[in-house]
2 protein chains.
Amino acid sequence: MTKDDKLTEEKIFDAATEIFEEKGLAATRMQDIADRAGINKALLHYYFRSKDKLFNAVFDKLAEKIFAKFASIFEEDMPFEDKIRFFFTEHIKFLQKNPKLPMFIIGEVNRSPELLSKFLDRININRIKEKISGDLGDDISPDVIPHLMVSIISLSVFPVAAKPIISGILDSAGIDYDSFMEERIKVAPEFVINAIKQQQVESQNKRK
Amino acid sequence: MTKDDKLTEEKIFDAATEIFEEKGLAATRMQDIADRAGINKALLHYYFRSKDKLFNAVFDKLAEKIFAKFASIFEEDMPFEDKIRFFFTEHIKFLQKNPKLPMFIIGEVNRSPELLSKFLDRININRIKEKISGDLGDDISPDVIPHLMVSIISLSVFPVAAKPIISGILDSAGIDYDSFMEERIKVAPEFVINAIKQQQVESQNKRK
DNA sequence: GTCTATAGAAGGATAGAC
DNA sequence: GTCTATCCTTCTATAGAC
């Protein structure tokens with residue numbers, strides 16, 4: 001494979017990534033990808049054979065991207081409250097740079113759930129669960145740890161995934177979406193930390 | 001319009017609703033709608049002229065449906081903590097009955113943001129903001145009320161919108177999705193209530 | 001109002017020249 | 001490796017018989 005091959009293949013792959021991420025598989029046209037890549041439609045098939053194969057290559061790459069950060073963050077060696085703050089900072093900043101990514105992944109997995117297998121093995125939920133459980137001590141029941149995890153993800157992903165709607169509603173109240181998300185980097189972790197603290201307080205009161 | 005007209009038009013509309021909600025505009029085929037309605041493809045055009053017009057009729061109906069409950073819940077006359085509990089109970093139960101609805105709305109609005117105008121006027125965020133502000137008193141800054149609202153919506157909608165992914169991840173940890181969501185009706189409101197309580201405690205400590 | 005048949009457009013994929 | 005031209009399937013939409 002010569003250097004030029006590589007360049008063309010990359011141009012196609014990058015263009016496909018942008019358009020698939022934006023529109024999803026069903027609404028994407030091979031012609032649009034060719035146009036954005038600045039090459040001919042036939043070349044798409046020369047390099048990737050079919051629309052499906054090109055899509056799968058793109059999906060793999062993007063699934064890799066979105067789950068790369070996840071697991072590692074809670075492995076860090078720092079106080080739990082700082083982990084929460086660190087997570088929201090890193091995660092929201094990442095999502096701001098890749099605002100279309102969550103909806104793309106959720107939408108396509110929704111359409112064909114077999115795509116799940118492509119990244120499920122990347123996530124060891126029990127490992128994370130134990131980590132958090134160890135951090136939080138006996139005042140938090142292990143049964144609510146999965147809820148805590150889902151809550152944290154919901155709080156950081158949803159406002160980005162539903163950006164057009166949230167943005168529209170905020171706008172109607174005179175609030176700028178971007179400023180709102182900047183605030184959120186601070187507000188969201190404190191929300192979570194407060195909920196956990198209060199839970200611990202109540203749990204200790206009961207024991208007395 | 002005779003009685004039979006009405007029946008056929010409804011059959012088409014209902015079939016279209018199911019399929020659009022499931023697959024979205026781009027992936028939906030008129031033939032699939034005709035098949036599910038048990039009638040001929042030509043009839044779709046007889047009653048709704050074009051795919052786009054049929055889609056818009058369906059979208060209007062579904063947008064109406066998902067936002068109907070929203071505003072009213074916080075108008076209820078009860079203690080704030082009960083409002084939170086009431087909201088999650090009602091909202092999660094509603095979403096369990098309509099699991100495809102959030103992704104449909106978010107996905108289609110994402111694709112063409114002009115759809116937003118169809119329901120934005122239904123939501124008076126400042127009205128809700130004032131209600132909540134009144135309920136919470138001075139210990140919660142008015143600036144964080146929008147964050148609180150977005151957090152509440154995130155916590156209830158996201159786990160349903162991302163059902164295939166959440167379900168898959170939970171499954172790999174031996175947790176059943178439906179049981180998880182039943183728990184969530186109780187866990188999520190307590191999470192929010194705890195966060196607010198702790199916030200109020202800290203705010204009062206500062207003042208002393 | 002409902003059907004069959006078909007027009008007409010769009011999109012994925014391939015053949016073949018260079 | 002890249003292009004033009006074209007095939008073939010799929011899909012929306014309409015014409016016209018009943």
Side-chain angles (χ1 to χ4, degrees), chain A residues 1-62 104 107-108 110-112 114-115, chain B residues 1-62 104 107-108 110-112 114-115:
Chain A
M1 199 180 271
T2 75
K3 203 176 177 184
D4 267 1
D5 285 356
K6 191 73 191 236
L7 277 176
T8 301
E9 195 172 339
E10 265 176 23
K11 267 193 293 184
I12 293 172
F13 188 84
D14 292 347
T17 300
E18 286 178 40
I19 297 184
F20 277 131
E21 199 181 340
E22 162 103 21
K23 303 204 199 186
L25 173 63
T28 292
R29 303 289 157 244
M30 294 295 264
Q31 187 62 58
D32 294 342
I33 296 175
D35 290 349
R36 176 148 332 177
I39 48 94
N40 192 277
K41 209 173 51 158
L43 270 182
L44 302 185
H45 292 93
Y46 176 80
Y47 281 102
F48 292 93
R49 289 193 57 85
S50 74
K51 187 186 177 186
D52 263 9
K53 287 199 169 54
L54 177 53
F55 173 81
N56 277 308
V58 168
F59 184 89
D60 285 351
K61 184 78 171 296
L62 291 181
F104 170 74
E108 297 303 325
N110 198 34
R111 180 184 53 77
S112 46
E114 65 273 16
L115 289 171
Chain B
M1 200 181 269
T2 75
K3 202 176 176 184
D4 268 3
D5 284 356
K6 190 74 191 233
L7 277 175
T8 301
E9 195 172 340
E10 264 177 24
K11 269 193 291 185
I12 292 172
F13 188 84
D14 292 347
T17 300
E18 287 178 39
I19 298 185
F20 277 131
E21 197 180 342
E22 162 103 22
K23 303 202 196 187
L25 173 63
T28 292
R29 301 290 155 245
M30 294 295 263
Q31 187 62 58
D32 294 341
I33 296 175
D35 290 349
R36 176 149 330 178
I39 50 93
N40 191 277
K41 212 174 45 161
L43 271 183
L44 302 186
H45 292 94
Y46 175 80
Y47 281 101
F48 292 91
R49 287 193 56 86
S50 74
K51 186 186 177 185
D52 263 8
K53 286 200 169 53
L54 177 52
F55 172 81
N56 277 309
V58 168
F59 184 89
D60 284 351
K61 183 78 170 297
L62 291 180
F104 170 74
E108 297 302 326
N110 197 34
R111 180 185 53 78
S112 46
E114 66 274 15
L115 290 172

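These numbers come from the heavy atoms of this one structure, side chains and all, not from hydrogens, waters or symmetry mates. Sequence lines set the chain letters: A, B, ... in the order given, protein chains first and strands last, and positions in each chain run from 1.
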Send over the distance from [X] [atom1] to [N] [atom2], rounded to a whole Å.
X: B/Leu44; N: C/dT2; atom1: CG; atom2: P; value: 12 Å
X: B/Asn40; N: C/dT6; atom1: CG; atom2: C1'; value: 13 Å
X: A/Phe55; N: C/dG11; atom1: CZ; atom2: P; value: 18 Å
X: B/Ile39; N: C/dG1; atom1: CD1; atom2: C1'; value: 11 Å
X: A/Leu7; N: D/dT2; atom1: CG; atom2: C1'; value: 14 Å
X: B/Tyr47; N: D/dA13; atom1: OH; atom2: P; value: 18 Å
X: B/Lys41; N: C/dA7; atom1: NZ; atom2: P; value: 14 Å

Does anything in residues 20-33 of chain A reach DNA chain C, meaning a heavy atom under 4.0 Å, and if so which residues?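 Contacts with DNA chain C under 4.0 Å: A/Thr28, A/Arg29, A/Met30.
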
On the six-membered ring of A/Phe59, is A/Arg111 placed so that its NZ or CZ lies under 6.0 angstrom from the centre and within 45° of the ring axis?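 Judged by the rule (NZ or CZ under 6.0 Å from the ring centre, within 45° of its axis), A/Arg111 is not positioned above A/Phe59.
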
Is any side-chain N or O of [X] closer than 4.0 Å to OP1 or OP2 of [N]?
X: A/His45; N: C/dA13; result: yes
X: B/Tyr46; N: C/dC3; result: no
X: A/Thr8; N: D/dT2; result: yes

Of the listed nucleotides C/dC3, C/dT14, C/dA13, the one nearest the side chain of A/Ala42: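 Nearest listed nucleotide: C/dT14.
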
Evaluate the criterion side chain to side chain contact (heavy atoms under 4.5 Å, CB included) for residue pair B/Lys61 and B/Thr17; output intermediate values, then yes/no. CA-CA 9 Å; B/Lys61 183 78 170 297; B/Thr17 300; 5.8 Å; no

A/Lys51 or B/Leu43, whichever maps to the more 5' nucleotide of DNA chain C: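 The residue mapped nearer the 5' terminus is B/Leu43.
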
[atom1]/[X] to [atom2]/[Y] distance, rounded to the nearest 0.5 angstrom?
X: B/Phe48; Y: B/Ile33; atom1: CZ; atom2: CD1; value: 9.5 Å
X: B/Glu18; Y: B/Thr28; atom1: CD; atom2: OG1; value: 11.5 Å
X: B/Gln31; Y: B/Asn40; atom1: CD; atom2: CG; value: 7.5 Å
X: B/Ile12; Y: B/Tyr47; atom1: CD1; atom2: OH; value: 6.5 Å

Taking it one step at a time, do A/Leu25 and A/Lys51 satisfy side chain to side chain contact (heavy atoms under 4.5 Å, CB included)? CA-CA 9 Å; A/Leu25 173 63; A/Lys51 187 186 177 186; 3.9 Å; yes

